[in-house]
Peer 1: 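Dropping the structure in here first, questions after.
Owing to the predicted nature of the structure, the values given are computational and were not obtained by experimental measurement. Ligands are counted one by one from 1 in listed order, and the atoms in each one are counted from 1 as well.
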Amino acid sequence: MTQTIFILNGPNLNLLGQRQPEIYGHETLHDVQAACAAQAKDLGLAIDFRQSNHEGEIVEMIHEARDKAAGIIINPAAYTHTSVAILDALSAFDGPVIEVHISNVHKRESFRQHSYVSLRADGVIAGLGTAGYSAALRHLAETLRQR
Ligand code: DQA
């Protein structure tokens with residue numbers, strides 16, 4: 001059976017391409033979704049790609065992943081730096097979790113340099129632009145193949 005990867009995106013990422021393009025680039029979230037879908041097909045995986053501006057909705061998506069996903073790629077956006085609830089939800093998920101940031105958060109304001117999600121993530125990718133999603137997907141495909 002084809003394994004599904006949940007790709008979850010936090011607040012303001014619906015504005016990707018319009019929002020601070022000097023930091024986040026010109027690609028839209030729809031472009032990222034299309035690229036991930038094409039890549040997943042080549043890797044023999046399915047994706048469920050979602051975005052929410054609401055913390056509780058993201059928590060519920062992670063709960064849903066417990067039954068439906070083999071792995072999670074998550075860009076929690078600003079909730080990275082604030083959300084114990086998202087950390088706790090991810091801690092209740094058994095599969096591999098990769099945290100992705102489009103920008104290099106370590107080169108930015110000091111409040112972006114702490115991540116609650118990193119306490120659970122198996123890997124963290126930051127600063128590769130939207131190519132970080134593709135690197136995460138490739139890594140998960142490899143990890144899941146080895147299991
Ligand atoms: C982000 C970095 C976060 O600090 C920020 O709040 C975002 C996006 C990134 O992808 O670089 O919204 O997660």
Peer 1: Looking only at side-chain N and O atoms, does Y133 offer a donor or acceptor that is under 3.5 Å from a partner on N9?
Peer 2: yes

Peer 1: How about H26 and Y24: are their ring centres within less than 6.0 Å of each other?
Peer 2: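 Aromatic pair excluded; centres sit 6.0 Å or further apart.
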
Peer 1: Can you list the residues that meet the side-chain hydrogen bond (donor to acceptor under 3.5 Å, both in side chains) rule with T143, with sequence neighbours excluded?
Peer 2: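 Listed in chain order: H139.
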
Peer 1: With sequence neighbours left out, what residues match F49 under ring-ring contact (aromatic ring centres under 6.0 Å, His included)?
Peer 2: none

Peer 1: Only counting residues at least two apart or in another chain, list the ones meeting salt bridge (Lys or Arg N to Asp or Glu O under 4.0 Å) with E64.
Peer 2: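 Applying salt bridge (Lys or Arg N to Asp or Glu O under 4.0 Å) to E64 gives R50, K68.
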
Peer 1: Mark yes or no for whether R66, through its side chain, and A92, through its backbone, hold a donor-acceptor pair below 3.5 Å.
Peer 2: yes

Peer 1: For ligand 1, what are the residues with a heavy-atom contact below 4.0 Å?
Peer 2: R19, Y24, N75, A77, A78, H81, H101, I102, S103, V105, R112

